[in-house]
Amino acid sequence: MHILLQIVTIIWLIDLKLVKTLDNGLVRTPPMGWMSWERFACNIDCDNYPNECISEQLYKDIADRLVADGYKEVGYNYVNIDDCWTEMTRDPVTKRLVANHKRFPNGIKALADYVHSKGLLLGIYGDVGTKTCGGYPGARGEDGTDYDTIDAQTYAEWGVDSLKLDGCYADTKNMTNMYPEMSRALNSSGRAIVYACSWPAYQIGQNPDYRRIAQYCNYWRNFDDIMDSWTSVTSIIDFYAKYQDVLVKYHGPGAWNDPDMLIIGNFGLSLEQSRAQMALWAIWSAPLLMSNDLRSIGGQYKEILQNRDIIAVNQDKLGILGTRVHSKSGIEVWVKPMTPIVKGVNTYAIVYLNRVVLGTPLIISFKLSSLIAGLPSEPLYNVYDLYDNSKLIGKLSNDQNLTLKVNTSGSVRMVKLTPVFKSDEIENDLN
Ligand code: GLA
């Protein structure tokens, strides 16, 4: 009865084995943490925005909040610097990147020490081309000089734990060789540094070579920058749905597609849409990098970001990129197979997303076997509501319907299905 499912799983595992991924042992589950870009962008005006400019104080404040407000405890441990942290030129003698003296008076090493003292990790930002997107020095000089080795050594000496390498001011055709060069430089730096590439984001619609990208990068952006709006989030959802058959193949422990930052707690998403972003990012096993102001975030947003049951879906050790199995008239269903696997049957996370922008909340109902191909009939499936403290809300067989009422305008319901075999229940009763 479970043979079909087992064959599918075996084929999937064999396929995954054949896809070689960057093997530096890092980020075996999707990275979690914080990144400055979407919320703070390239604000370098510390006179008018003392608390919001890109400065060591901002990253220290965020590190403090991550620890004091419970984010670290649920897994958010990277503090990632983004663009605009350097001086406009390299050091004329050493050719090293130099942190802006005014905004980072103690330098990056001191900031890394501070972040580490809190039990957190520090990420930094560079660019594979001649300049970063904000116009700061990139890893290649205007004269073609290659600074990968110098930069990787510098980051390692400073105690940096992660590098996002952007792709502005570079010829996209050369990325095939340029991105691997930094990967090698990081590997030879003597420090374990996570490598996040923006490589396929500069090749949208041009069939990026994901096999190669996954060989050299720990995670990679593949679509446009997220902005503080639901329109931006839905454009990302649509991109992931469109390319899911390709993306799913190269996604797994140590090698992740990155749909970009979580914008939960900013100004652009309703509470319902914030739940939707968290649900989808969890279903995709995507990096969970918040870009928000943790010093002033509202309690309900914090609750979404710290939902342990949904984080557990995101961090599931199989690391499968969940896919869209239904989409019609604004209603979407997304499914992710995960652990535990009981007698060959997976646990599943399911999201019902309602994108309809008119009318009352909708009752959405699908037969389980129509959502999950080959779902075996023997066990029953316990249904837990992940946005209601994992309350048990049903016990279904594969030919019964999962029926949930979902609000409109980008709202979700998210459940976990766990297989329960009759024999196990009897055993449990006896114990
Ligand atoms: C690009 C990236 C963003 C951000 C900016 C910084 O647009 O995609 O995530 O890093 O550059 O300038």
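First listed ligand is number 1; within each ligand, the first listed atom is number 1.
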- N/O of Y202 under 3.5 Å from N/O of ligand 1, yes or no? no
- Message: Can you confirm whether C168 sits close enough to D127 that some side-chain heavy atom of one is under 4.5 Å from a side-chain heavy atom of the other?
- Response: yes
- Looking only at protein heavy atoms, identify the closest one to atom 10 (O) of ligand 1 and say how far it is in Å. D82 OD1, 2.6 Å
- Task: Taking only Lys NZ, Arg NE, NH1 and NH2, and the carboxylate oxygens of Asp or Glu, determine whether R211 and D209 approach each other closer than 4.0 Å.
- Result: no
- Flag side-chain contact, heavy atom, 4.5 Å: V313 against M414: yes
- Task: Could you tell me whether some N/O pair between W37 and ligand 1 is separated by less than 3.5 angstrom?
- Result: no
- Message: With a 4.0 Å cut-off on N to O distance, would you call D148 and R140 a salt bridge?
- Response: yes
- Give, for atom OG of S229 and atom CD of Q273, the distance between the pair rounded to the nearest 0.5 Å. 9.0 Å
- Query: Is the closest heavy-atom distance from S198 to ligand 1 below 4.0 Å?
  - Reply: no
- Test D161 against R191 for salt bridge (charged side-chain N to carboxylate O under 4.0 Å, His left out), laying out the working first. CA-CA 8 Å; D161 305 290; R191 186 172 174 88; 2.6 Å; yes
- For G134, atoms of ligand 1 separated by under 4.0 Å from a heavy atom: 12 (O)
- Task: For atom 12 (O) of ligand 1, grab the closest protein heavy atom and report residue, atom and distance to one decimal in Å.
- Result: D83 OD2, 2.7 Å
- Message: Below 4.0 Å from ligand 1: does a non-hydrogen atom of M35 turn up there or not?
- Response: no
- Which protein non-hydrogen atom lies closest to atom 2 (C) of ligand 1, naming both residue and atom, and how far is it? D166 OD2, 3.1 Å
- Provide, to 0.1 Å, the distance between atom 9 (O) of ligand 1 and the closest protein heavy atom, together with that atom's residue and name. K164 NZ, 2.8 Å
- Message: For atom 7 (O) of ligand 1, which of the options D127, D225, D258 provides the nearest non-hydrogen atom?
- Response: D225
- With distance as the sole criterion, is a donor-acceptor pair present between the side chains of E272 and N407 under 3.5 Å? yes
